[in-house]
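Structure, as structure tokens:
The chains referred to below are lettered A, B, ... by the order of the sequence lines, with proteins before strands, and numbering in each begins at 1. We use all heavy atoms of the structure for the numbers below, so side chains are in, but hydrogens, waters and symmetry mates are not.
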Protein chains: 2
Amino acid sequence: MAEIRSFPHPLPDPLVELIAGRFRVLGEPMRIKLLDCLRDGEASVGELQDAIGASQQNVSKHLGVLLSAGMVSRTKRGTSAVYVIADESVFELCEQVCGGLRRQLSELDQILQGAASQ
Amino acid sequence: MAEIRSFPHPLPDPLVELIAGRFRVLGEPMRIKLLDCLRDGEASVGELQDAIGASQQNVSKHLGVLLSAGMVSRTKRGTSAVYVIADESVFELCEQVCGGLRRQLSELDQILQGAASQ
DNA sequence: ACAACGTACAACTGTACCGTTGTGCTAGTG
DNA sequence: CACTAGCACAACGGTACAGTTGTACGTTGT
């Protein structure tokens, strides 16, 4: 679990901007859904469109954002564009977020149970 | 390195919303800066204000967002409000993001070097 | 009790971005 | 060679949110 320490402190502004920008890319439900769908493997725009139930233009747009962020990669195949996860680490990020959510919920549970037992 | 533990697939909409919301909280440079400052330990609003160089109201506002997200906790001490990191896992998130950035940059480096050597 | 300090809340403006609509482009098909 | 399918780009309206300004509340000190 490589403890990456030794980041400059305070973080230089450009780096802060990069970090925030990357988080912002993941801050849209539809993009999370797209990445989640691509967990199964590559998929075309149309397939993702059907799986998620959004307009083709919107799906294509968000895929473009993910592509610009380097999180997916595109391959043209015939008339369709096939997207694949390019950075598997995004799943670990989601995992950690889910872990945080779990922790929060369990704390809430304890508080509620504590209040109920009074 | 914790393997991905069987998350439902596709992710239910409410969970997607929660995940995206959490990422969105981290998608603002100033909030990243605040968390970075709090890496050293607790700090009051005024101290954070001086460290970052933003208005008191703005700092207080963003701290409120972090508080609502459960990433920091507040303790009133005298006239000042002292904030502390409540969820240390946010740093691991930032580390992973930095790791992704590094990977991207090194890939870019290789591409550029490959192009230059032709 | 009153003044000063530290903080949080409310209203406002500007801006960034989401989703839609319309359209152009490229690769297969009859 | 039209014609269609699949995808991306551009423009537009709506909305969410960042940052500012003004202000109210609670605490400390005189």
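Atom CG of Leu48(A) and atom C1' of dA8(D) are 15 Å apart (whole Å). If you measure from atom CD of Gln56(B) to atom C1' of dA10(C), you get 14 Å, rounded to the nearest angstrom. Atom CD of Glu47(A) and atom C1' of dG6(D) are 12 Å apart (whole Å). Rounding to whole angstrom units, CG of residue Leu34(A) and C1' of dA8(D) are separated by 15 Å. Residue Leu67(A) contributes atom CG, which lies 14 Å from atom P of dC7(D) at whole-angstrom precision. In this structure, Glu17(A) places its CD atom 13 Å from P of dA18(D), rounding to the nearest Å.
When heavy atoms are screened at a 4.0 angstrom cut-off, Gln57(B) is found touching base atoms of the nucleic acid. Within the 4.0 angstrom heavy-atom criterion, only backbone atoms of the sugar-phosphate kind lie near Ser80(B); the bases stay farther away. When heavy atoms are screened at a 4.0 angstrom cut-off, Arg77(B) is found touching no nucleic acid atom at all.
Judged by distance alone, the side chain of Arg31(A) and the main-chain N or O of Leu66(A) form no donor-acceptor pair under 3.5 Å. In terms of modelled atom types and a separation under 3.5 Å, the side chain of Arg74(B) and the main chain of Ala81(B) share no donor-acceptor contact.
The side chain of Asn58(B) has dG19(D) as its nearest neighbour among dT28(D), dG19(D), dG19(C). Here the nucleotide nearest the side chain of Ser44(A), chosen from dC7(D), dG6(C), dA18(D), is dC7(D). Side-chain proximity of Met30(A) to the nucleotides dG28(C), dC7(D), dG19(C) is greatest for dG19(C). The side chain of Ser60(A) lies closest to dA8(D) when the candidates are dA8(D), dT7(C), dA27(C). Side chain of Arg31(B), nearest nucleotide from dT7(C), dA18(D), dC18(C): dA18(D).
Annotation: side chain of Tyr83(B) is not in contact with side chain of Leu34(B) (no heavy-atom distance under 4.5 Å). The shortest distance between side-chain heavy atoms of Leu26(B) and Met71(B) falls below 4.5 Å.
The pair Arg39(B)-Asp36(B) meets the salt-bridge criterion, with a side-chain N (NZ, NE, NH1 or NH2) lying under 4.0 Å from an Asp/Glu carboxylate O.
For Lys61(A) and dG19(C), a side-chain-to-base donor-acceptor distance below 3.5 Å is present, hydrogens and geometry of angles not being considered. Within 3.5 Å, no donor on the side chain of Glu28(B) pairs with an acceptor on the base of dA18(D), nor the reverse.
Residues Ser55(A) and Arg74(B) both approach DNA chain C. Their nearest nucleotides, taken by heavy-atom distance, put Arg74(B) toward the 5′ side. With the nearest nucleotide of DNA chain C identified for both Lys76(A) and Arg24(A), Arg24(A) has the one nearer the 5' end.
At the phosphate of dA8(C), OP1 or OP2 sits under 4.0 Å from a side-chain N or O atom of Tyr83(B). The shortest distance between the side-chain N/O atoms of His62(A) and the OP1/OP2 oxygens of dG19(C) is below 4.0 Å.
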